[in-house]
Each structure stands twice: as C-alpha cells, then as structure tokens.
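We count residues from 1, following the sequence as given.
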Amino acid sequence: QDMNMVSSRSHAILMLRLVEPGNDASSPQASMFVVDLAGSERVQRSGVTGQGFDEATNINLSLTSLGRVVTTLIQNESSGGSFVPYNASPLTSILKAGLGGNSKTALIACVTQAVDSISESVSTLRFAMQASHVKNKVEKKEARDRTHLEQEKITDSGNSLTLRDGQGTVPLASGPLAVWGSWDPALGATGRTVILLMGPNGEPASMRSLIDKLAGKSCQVLAPKLPGTNIKQVEGDVKILLELLDWLGVAKPLLYGRDWGAIRAIKFKIC
C-alpha cells in the first residue's frame with residue numbers, strides 16, 4: 001500500500017543569521033539552524049516509484065551519512081582521531097557546526113507507538129542515543145572569548161613607554177626599573193612582545209645584538225634589569241616582572257632567559 005502520497009520527501013532547514021549593522025552578511029556574529037529531518041523510508045513497504053523513489057533514496061543516503069558522522073565523532077573521542085566525513089553529504093556539510101563544532105545543539109526525536117512502525121521508532125531512538133554522546137566545543141570558544149576580553153582589558157590599561165638610545169626607566173610601584181630594548185610607542189602592547197631575562201650579574205646592554213635582531217622582526221623587545229642577586233630572590237623578581245607587564249599592558253609576552261635568567265622565565269610561567 002502506498003504511503004505519504006503527498007509528502008515532499010525532503011529535509012527542511014531554516015537558517016537564521018545575526019549580523020552586526022554595517023557588516024557583510026557573509027560574516028555573521030551568530031547563526032541558528034532549525035532542521036526538520038525527513039524520516040528514513042523503506043521503499044519496499046511504501047511502494048513509491050519514479051521521482052518519489054529517487055527522493056526517498058537520497059533521503060536515506062543523507063541520513064546514513066549523518067549517522068556515520070555521529071559514529072565517527074564518538075569513536076574519535078576515544079581513539080584521538082580527527083577526520084570526520086562531513087563532506088559525504090550536503091546535509092552533513094550544512095550541519096557541521098552543530099555536530100562537534102562551536103555550537104549548542106538540541107535534538108528532538110519523533111517516534112510513533114504504532115506496531116507496524118516499531119523498527120523505524122527503534123532506529124530513531126538508537127540514533128538519538130548515539131547523537132547524545134557527541135560533545136560540542138562551545139565551552140572552548142567561550143573560554144577563548146573570555147581570555148581575549150581579559151587581554152584587551154590589560155592592553156587598554158597599559159602605559160606608554162619611550163626609550164632614548166635604547167634605554168629607559170619604568171616608574172613601578174615597587175620602585176624605578178631600568179630597561180633596555182627596542183619599543184615603538186605607536187604599537188605599544190599590541191605588538192609581539194619579547195622579554196629578555198639575564199642572570200643576577202648580567203647586563204641587559206650585552207644583549208644589544210639580540211635586541212636588534214628581534215626588532216628587525218617587528219618585535220617589541222625589552223630587557224629589564226631585575227634587582228635579584230641570588231636564587232632566593234627569584235620570586236621577588238617575578239613579582240616585579242608581573243608589575244612591569246601590567247604597567248605596559250602586555251598580556252602574553254614571549255620570555256627568553258639566558259643562563260640564570262632561564263630560571264626567572266620558568267618561575268614566571270609557573271606562577
């Protein structure tokens with residue numbers, strides 16, 4: 001007996017995109033997809049022919065691809081794999097962000113209690129159970145957004161530094177700190193910042209050749225003269241270094257430690 005004589009036998013996808021005023025529509029700030037998936041169809045039971053048969057076949061192929069994507073995502077969680085066959089179907093390509101991507105996804109499974117459709121209901125519930133184990137990465141994106149916001153706050157609170165002949169003094173709360181380097185006030189903390197650390201008896205001026213090479217790579221470079229004279233004073237040096245970075249508004253510097261300065265760099269990273 002023929003079934004669903006008036007069915008379009010197609011998936012329905014409604015895409016809503018939020019775009020900032022004046023921005024290009026191809027770069028939305030957020031998107032929401034509302035998807036109505038067509039159910040799988042056993043053509044032997046439905047008795048469909050012609051164009052309806054082709055439509056039913058394409059629907060079943062796309063649902064198979066969707067199931068394969070879900071299974072692969074679950075397997076990758078334990079195996080550490082990275083390949084996911086999103087390109088196997090236009091459907092999975094469109095739904096890529098909602099399957100293991102940077103999004104929050106809700107799935108509603110529609111089933112029937114009719115005895116003659118029990119196999120379809122079980123298949124739908126089995127797919128829903130598998131899909132519930134897929135983990136999206138939205139939390140990582142939110143963490144990146146929070147980190148980026150914190151970095152912006154640090155950068156905005158930075159002060160302007162001017163060096164004369166590659167030398168200068170930073171007026172910190174803990175006391176004036178002599179620094180050597182190459183610093184462009186126009187870039188400030190927005191440039192790529194490298195901090196060079198020496199040992200207790202080292203002179204930052206001796207790193208002039210390294211400073212010049214890094215400056216030639218468009219880096220902001222500073223070599224502070226930290227007051228510590230022995231390993232017991234490393235923590236005090238780290239506090240002063242943190243105070244210097246806050247004063248400059250530098251959120252994520254690259255540290256280079258030479259000799260005993262490497263201990264200062266490691267201690268800073270640990271803190």
Side-chain angles (χ1 to χ4, degrees), residues 1-19 23-114 116-142 144-145:
Q1 182 179 355
D2 290 343
M3 302 171 61
N4 296 329
M5 292 297 295
V6 296
S7 171
S8 64
R9 289 185 171 83
S10 63
H11 305 301
I13 301 178
L14 172 64
M15 293 184 290
L16 303 177
R17 295 180 180 271
L18 177 64
V19 181
N23 289 355
D24 189 87
S26 62
S27 303
Q29 295 293 111
S31 299
M32 182 173 72
F33 292 70
V34 181
V35 183
D36 180 15
L37 295 175
S40 61
E41 182 174 339
R42 288 184 294 170
V43 294
Q44 184 177 3
R45 179 187 176 195
S46 65
V48 68
T49 58
Q51 181 180 349
F53 176 84
D54 294 335
E55 292 174 348
T57 301
N58 289 330
I59 285 174
N60 290 341
L61 288 175
S62 63
L63 292 175
T64 299
S65 299
L66 180 60
R68 189 178 298 116
V69 166
V70 169
T71 301
T72 303
L73 286 169
I74 296 172
Q75 292 175 345
N76 286 351
E77 285 290 328
S78 57
S79 65
S82 59
F83 174 74
V84 181
Y86 290 115
N87 60 351
S89 166
L91 175 65
T92 51
S93 296
I94 293 175
L95 299 181
K96 180 178 179 179
L99 299 169
N102 290 320
S103 67
K104 295 183 178 179
T105 303
L107 174 66
I108 301 175
C110 300
V111 297
T112 176
Q113 60 182 355
D116 61 349
S117 299
I118 189 65
S119 61
E120 285 84 353
S121 295
V122 171
S123 178
T124 298
L125 292 173
R126 184 179 293 115
F127 169 77
M129 182 181 66
Q130 290 180 321
S132 67
H133 290 88
V134 174
K135 296 181 180 180
N136 286 0
K137 301 179 176 61
V138 64
E139 292 184 356
K140 291 186 177 181
K141 181 181 183 302
E142 291 174 348
R144 288 198 303 270
D145 290 344

Check step by step if side-chain contact (heavy atoms from CB on, under 4.5 Å) holds for V69 and L95. CA-CA 10 Å; V69 166; L95 299 181; over 6 Å; no

Which heavy-atom pair separates L73 from L99 by the least distance, and what is that distance?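 The pair with the smallest heavy-atom distance is CD1-O, 3.6 Å.
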
Where is the tightest heavy-atom contact between R17 and S31, given as atom of each residue plus distance?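 For R17 versus S31, the nearest heavy atoms are NH1-OG, 3.3 Å.
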
Does any non-hydrogen side-chain atom of L91 lie less than 4.5 Å from one of I13?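 Result yes, sub-4.5 Å side-chain heavy-atom pair found.
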
Indicate every side-chain donor-acceptor pair of residues 124-133 with a distance under 3.5 Å to a residue at least two apart or in another chain.
from : atom 1 : to   : atom 2 : distance (Å)
T124 : OG1    : E120 : O      : 2.9
S132 : OG     : M129 : O      : 2.5
H133 : ND1    : M129 : O      : 2.8

With sequence neighbours left out, what residues match D36 under side-chain contact (heavy atoms from CB on, under 4.5 Å)?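 side-chain contact (heavy atoms from CB on, under 4.5 Å) check on D36 returns A12.
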
Partners of S121 by side-chain contact (heavy atoms from CB on, under 4.5 Å), sequence neighbours excluded? V111, T112

Can you name the residues that form a side chain to side chain donor-acceptor pair (under 3.5 Å) with T105, not counting sequence neighbours? N136

Taking side-chain hydrogen bond (donor to acceptor under 3.5 Å, both in side chains) as the cut-off, I'd like each qualifying pair that reaches into residues 84-101, sequence neighbours left out, listed once.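 For residues 84-101, and leaving out neighbouring residues, there are no side-chain hydrogen bond (donor to acceptor under 3.5 Å, both in side chains) pairs at all.
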
Drop me the distance from I94's CD1 to S62's OG, to the nearest 0.5 angstrom.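 Interatomic distance, I94 CD1 to S62 OG, rounded to 0.5 Å: 10.5 Å.
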
Counting N and O atoms only, with roles assigned by atom type, does the side chain of H11 sit under 3.5 Å from a partner on the main chain of L37, one being a donor and the other an acceptor?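 Absent.
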
